[in-house]
Amino acid sequence: MNILLIEDELVIGQNIKERLTADLYHVEWITSGKSGLNRALFEIYNLIILDLMLPEIDGFSILKKIRTDGITTPVLLLTALGDTLSKVKGLDSGADDYLTKPFAMDELTARVRMLIRRKTGLPTSLIKIQDLSIDTANREVLRNQQEIYLTPKEFQILELLAYNKNRAVSRLTIAEHIWQENYDTMTNFVDVHIKNLRRKIDTDSPVKLVKTVRGLGYMLIDE
């Protein structure tokens, strides 16, 4: 899951990035409003965490612009303590939720999971694909009620395929999502991890879920 964090306070930004990265999200942290707006308009994210008080362009202007341009990415606002008017204005402008500073990191991660689930149409953190269960909150995977142990990278790839089930995901897209690289040499890493993932997910089951789509990439099948 790709998250854009637009926050100019260095301590807060660093703490958020470290916590979400530890939870296996890919976080792009931008400290200026102008650069943050540019990234929000021209890159694809699963969530935007947006501070209101920013240099160059404030958070309200960023929110208004991306909504005017038809971008529906969930936005979590970071607001100042007791600033009720800003919260109301932010929600009326198209924000999906807000957090008041200071906040607990556990609450932040809970809000992040909730907004991403809402966007993907999943009511809980559990994704079920035939007899495969993926708990995105606890990072647990079961196949036919048997626990499967995945490396962090393998889990990220499986999660990406699960959110895009029945759709081919290119090797370059996987490389960019997992390693934040988009050049051809990274696809070798993708192939190795897919091979290991397929061995763990499919070897002991007659139904194979991880499919290679020739010329396109890989797909997790839910028939």
Side-chain angles (χ1 to χ4, degrees), residues 1-31 33 35-37 39-41 43-54 59-60 62-63 66-67 71-81 83 86-87 90-91 93-128 133-141 150 152-165 169 173-174 176-180:
M1 296 289 105
N2 293 326
I3 296 176
L4 175 63
L5 170 62
I6 311 176
E7 169 61 72
D8 66 319
E9 294 188 49
L10 299 185
V11 173
I12 293 177
Q14 186 64 37
N15 288 341
I16 293 175
K17 181 173 182 179
E18 289 179 357
R19 176 58 184 270
L20 293 179
T21 300
D23 286 345
L24 303 182
Y25 295 103
H26 170 223
V27 180
E28 184 173 357
W29 177 25
I30 304 295
T31 57
S35 297
L37 175 59
R39 300 300 291 176
L41 289 175
E43 300 294 336
I44 297 175
Y45 299 95
N46 301 99
L47 175 69
I48 298 172
I49 301 176
L50 176 63
D51 187 30
L52 290 179
M53 301 300 294
L54 293 166
F60 287 124
I62 293 173
L63 181 58
I66 64 175
R67 292 301 189 236
I71 296 172
T72 60
T73 304
V75 174
L76 174 62
L77 290 183
L78 302 181
T79 68
L81 180 63
D83 191 358
S86 292
K87 296 171 187 176
L91 293 172
S93 299
D96 297 88
D97 201 356
Y98 67 86
L99 269 177
T100 300
K101 298 179 182 179
F103 49 81
M105 284 297 165
D106 285 344
E107 183 178 7
L108 172 72
T109 56
R111 299 290 184 92
V112 166
R113 290 194 299 269
M114 180 270 294
L115 290 173
I116 290 177
R117 288 200 303 268
R118 183 188 299 169
K119 177 62 176 178
T120 55
L122 297 172
T124 71
S125 62
L126 185 64
I127 304 174
K128 290 188 67 67
S133 297
I134 307 167
D135 189 332
T136 61
N138 297 314
R139 308 286 166 178
E140 294 177 350
V141 178
L150 302 179
K153 296 299 185 188
E154 289 167 356
F155 185 90
Q156 286 179 284
I157 293 173
L158 180 63
E159 183 182 39
L160 176 63
L161 294 177
Y163 278 123
N164 294 276
K165 64 181 182 180
V169 181
T173 296
I174 296 173
E176 186 175 33
H177 179 81
I178 305 303
W179 288 277
Q180 291 81 63

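Along the sequence shown, residues are numbered consecutively beginning with 1. These numbers come from the heavy atoms of this one structure, side chains and all, not from hydrogens, waters or symmetry mates.
Within a 6.0 Å radius of OH in Y98, no more than 12 heavy atoms belonging to other residues, nucleotides or ligands are found.
Looking at L77, L20, L4 one by one, the single match for side chain to side chain contact (heavy atoms under 4.5 Å, CB included) with I49 turns out to be L20. Residue V27 is tested with I16, N2, T21 for a side chain to side chain contact (heavy atoms under 4.5 Å, CB included); the sole match is T21.
Pairing each heavy atom of S35 with each of I30, the nearest pair is CB-CG2, 3.6 Å.
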- Candidate pair R19 and D106, rule salt bridge (Lys or Arg N to Asp or Glu O under 4.0 Å), full reasoning: CA-CA 9 Å; R19 176 58 184 270; D106 285 344; 2.7 Å; yes
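By the side chain to side chain contact (heavy atoms under 4.5 Å, CB included) test, S133 is found to be paired with L126, K128, L142, residues two or more places apart in sequence or in another chain being considered. A search for side chain to side chain contact (heavy atoms under 4.5 Å, CB included) contacts involving R67 returns L63, V75, D96, not counting sequence neighbours. Scanning for side chain to side chain contact (heavy atoms under 4.5 Å, CB included) contacts around L10 gives W29, T31, with sequence neighbours left out.
Separation of atoms CD (E7) and NZ (K101) is listed at 3.5 Å; rounding is to 0.5 Å. S93 contributes atom OG, which lies 10.5 Å from atom CD1 of I66 (distance to the nearest 0.5 angstrom). Between atom CG of residue L160 and atom CD1 of residue I174 there is a gap of 6.0 Å, rounded to the nearest 0.5 Å.
Contact of the I127 side chain with the K165 side chain is not registered, since no non-hydrogen atoms from C-beta on lie closer than 4.5 Å.
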